[in-house]
Visitor: 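The structure under discussion is supplied below as structure tokens; questions concerning it will follow.
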Amino acid sequence: MAQAFETDFWKDAASRKIWDDIVPGEPRQTMPYTLTLDAIQAYCRSVGEDHPLYFDEDYARRSPYGGLIAPPSIHILLMFACTPADDWMRTPGTVNAGQSWSYNIPARPGDTITLQARALDKFIKKERLFVIHDNVFCNQRGEVICSGRGWTIRPV
Amino acid sequence: MTHATFADLAPGYRIDGPAFAVSRESIRAFAAASLDFNPLHLDDDYMTGSFGKTNFGGIIMHGMNNFGLLTRMLTDWAYAAGAVHRRLETRWLKPVKPGDTIRPHGVLKSKRTTQKSRWVVIDVEVRNQREEVVASGEAMIEFPLPAA
């Protein structure tokens with residue numbers, strides 16, 4: 001997955017919806033993503049996460065979690081992993097103003113993660129163009145991992 | 001450090017997370033690990049431009065990097081207490097740039113027992129080396145009732 005990921009966010013810019021095109025309530029296109037231990041641990045290292053629940057298989061097996069897990073904030077990676085290159089969240093200049101997330105169960109290495117996502121609202125405030133996005137991540141059993149909203153300021 | 005218990009916790013209880021040194025390398029590592037390659041975080045030439053009324057004057061750290069640091073602080077504290085991190089809401093108030101050192105902390109705001117569990121609400125912040133608040137928000141941690 002990571003190898004095929006387009007890191008040049010300008011490349012598909014013309015195909016992405018702008019603020020005017022985004023319809024609140026309309027689902028965003030998403031795709032399943034298999035979460036690997038390598039991806040979890042790379043994310044952990046990037047924010048200084050070093051808890052043994054993410055790195056030490058023996059410790060994790062003996063813990064209440066029964067095995068290695070991902071930190072709750074793994075949805076930061078999943079947001080981009082589960083959406084295609086023309087998703088408007090990738091539009092260069094998109095400013096993230098804030099997010100709120102609720103957590104149910106942890107994601108685990110080997111999980112196939114799916115995303116249900118949509119724009120929930122769009123508005124103009126202080127001359128800025130805002131879109132609120134609404135997201136639910138589930139595992140391969142349909143169990144909710146986490147759900148969350150984000151406030152983005154759209155580039156003009 | 002002694003582990004928190006729900007009974008002993010009271011408003012004003014403070015949690016501190018470790019400091020995090022922000023650099024171009026840390027921002028690139030976060031971009032690669034989160035797959036967020038927005039040029040706001042990577043392209044100096046792009047960041048010489050203005051965004052509406054705002055000119056950042058150079059690349060900025062991903063706002064969600066703050067979110068990751070707050071999560072680390074909360075989960076490290078909750079795991080040790082046998083508690084579960086259930087919610088985090090944040091707003092980004094100031095841009096964070098390479099060379100900054102940021103640090104998360106939390107202050108317990110309230111406790112609540114519901115029909116099936118026990119909860120604490122924590123005000124959270126991330127401050128930079130000038131003690132400016134760069135992110136703020138609120139978290140909720142569950143202390144499950146002991147098995148009957």
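Each chain gets a letter, A, B and so on, in the order its sequence line appears, and its residues count up from 1.
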Visitor: Side chains of B:Thr101 and B:Val22: does their closest heavy-atom pair fall under 4.5 Å?
Guide: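 Heavy-atom side-chain distance check fails, nothing below 4.5 Å.
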Visitor: For residues A:Phe123 and A:Lys125, determine if any side-chain heavy atom of one lies less than 4.5 Å from a side-chain heavy atom of the other.
Guide: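 With C-beta onward as the side chain, the pair touches.
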Visitor: With chain B, which of A:Pro64, A:Ala42, A:Ala39, A:Pro72 has the greatest number of heavy-atom pairs at distances under 4.5 Å?
Guide: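 Highest number of heavy-atom pairs under 4.5 Å: A:Pro72.
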Visitor: Would the distance check show the side chain of A:Asp111 and the main-chain N or O of A:Ile113 forming a donor-acceptor pair, the cut-off being under 3.5 Å?
Guide: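 Not at all, since once roles are kept as given, no pair shorter than 3.5 Å links the two residues.
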Visitor: Tell me, side chain or backbone of B:Phe30 under 4.5 Å from chain A's heavy atoms, or both, or neither?
Guide: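 For B:Phe30, heavy atoms of backbone and side chain both lie under 4.5 Å from chain A.
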Visitor: Establish, from distance only, whether the side-chain atoms of A:Gln29 and A:Asp87 form a donor-acceptor pair under 3.5 Å.
Guide: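 Looking only at side-chain atoms, A:Asp87 and A:Gln29 do not form any donor-acceptor pair under 3.5 Å.
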Visitor: Closest approach of A:Pro71 and A:Glu49, non-hydrogen atoms and distance?
Guide: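 Minimum heavy-atom contact is CB-OE2, 3.8 Å.
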Visitor: Under the 6.0 Å and 45° cation-pi test, does B:Lys111 pair with B:Trp119?
Guide: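 Output no; distance or angle outside limits.
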Visitor: Heavy-atom pairs under 4.5 Å with chain A: which of B:Leu42, B:Asn65, B:Asp36, B:Leu70 has the most?
Guide: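 When all of B:Leu42, B:Asn65, B:Asp36, B:Leu70 are compared, B:Asp36 has the most.
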Visitor: Please rank A:Trp151, A:Tyr65, A:Tyr43 by heavy-atom pairs under 4.5 Å with chain B and give me the top one.
Guide: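 Going by pairs under 4.5 Å, I would pick A:Trp151.
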Visitor: Select one option (side chain, backbone, both, neither) describing which atoms of A:Arg149 are under 4.5 Å from chain B's heavy atoms.
Guide: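 The side chain, not the backbone.
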Visitor: What residue, out of B:Arg87, B:Arg86, B:Glu89, has the most heavy-atom pairs lying under 4.5 Å from chain A?
Guide: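 Of B:Arg87, B:Arg86, B:Glu89, B:Arg86 has the most heavy-atom pairs under 4.5 Å with chain A.
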Visitor: If I measure from the heavy atoms of chain B, does A:Ser63 come under 4.5 Å with its side chain, its backbone, both, or neither?
Guide: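 Looking at A:Ser63, nothing touches chain B.
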Visitor: In residues 9-18 of chain A, which residues are in contact with chain B at a heavy-atom separation under 4.5 Å?
Guide: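 Contacts with chain B: A:Phe9, A:Trp10.
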Visitor: Which one of A:Asn96, A:Asp8, A:Ile153 has the most heavy-atom pairs closer than 4.5 Å to chain B?
Guide: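 Among the listed options, the one with the most contacts to chain B is A:Asn96.
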Visitor: Just so I understand: if I count every heavy-atom pair under 4.5 Å between each of B:Gly17, B:Gly68, B:Ser34 and chain A, which residue has the most?
Guide: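 Looking at each of B:Gly17, B:Gly68, B:Ser34 in turn, B:Ser34 comes out on top.
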Visitor: Do side-chain atoms of A:His51 reach the backbone of A:Leu53 as a donor and acceptor pair under 3.5 angstrom?
Guide: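 Looks like yes, one N/O pair under 3.5 Å.
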Visitor: So if I apply the ring pair (Phe, Tyr, Trp, His ring centres under 6.0 Å) rule between A:His75 and each of A:Phe137, A:Phe80, A:Trp101, which one comes out positive?
Guide: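 Exactly one option meets the ring pair (Phe, Tyr, Trp, His ring centres under 6.0 Å) with A:His75, and it is A:Trp101.
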Visitor: Side chains of A:Thr94 and A:Arg154: is there a donor and an acceptor less than 3.5 Å apart?
Guide: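 Yes - a donor-acceptor pair under 3.5 Å links their side chains.
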Visitor: Flag the one option from B:Pro39, B:Pro18, B:Ser26 with the top tally of heavy-atom pairs under 4.5 Å to chain A.
Guide: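 The answer is B:Pro39.
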Visitor: Do you see a donor-acceptor pair shorter than 3.5 Å between the side chains of A:Thr114 and A:Tyr33?
Guide: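 No, no side-chain donor-acceptor contact under 3.5 Å.
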Visitor: Looking at B:Lys94, I'd like to know if its NZ atom is crowded, meaning that more than 12 non-hydrogen atoms belonging to other residues, nucleotides or ligands lie closer than 6.0 Å.
Guide: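 It does not: B:Lys94 NZ has 12 such atoms or fewer within range.
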Visitor: Where on B:Thr90 is there a heavy atom nearer than 4.5 Å to chain A: the side chain, the backbone, both, or neither?
Guide: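 When you check distances to chain A, atoms from both the backbone and side chain of B:Thr90 fall under 4.5 Å.
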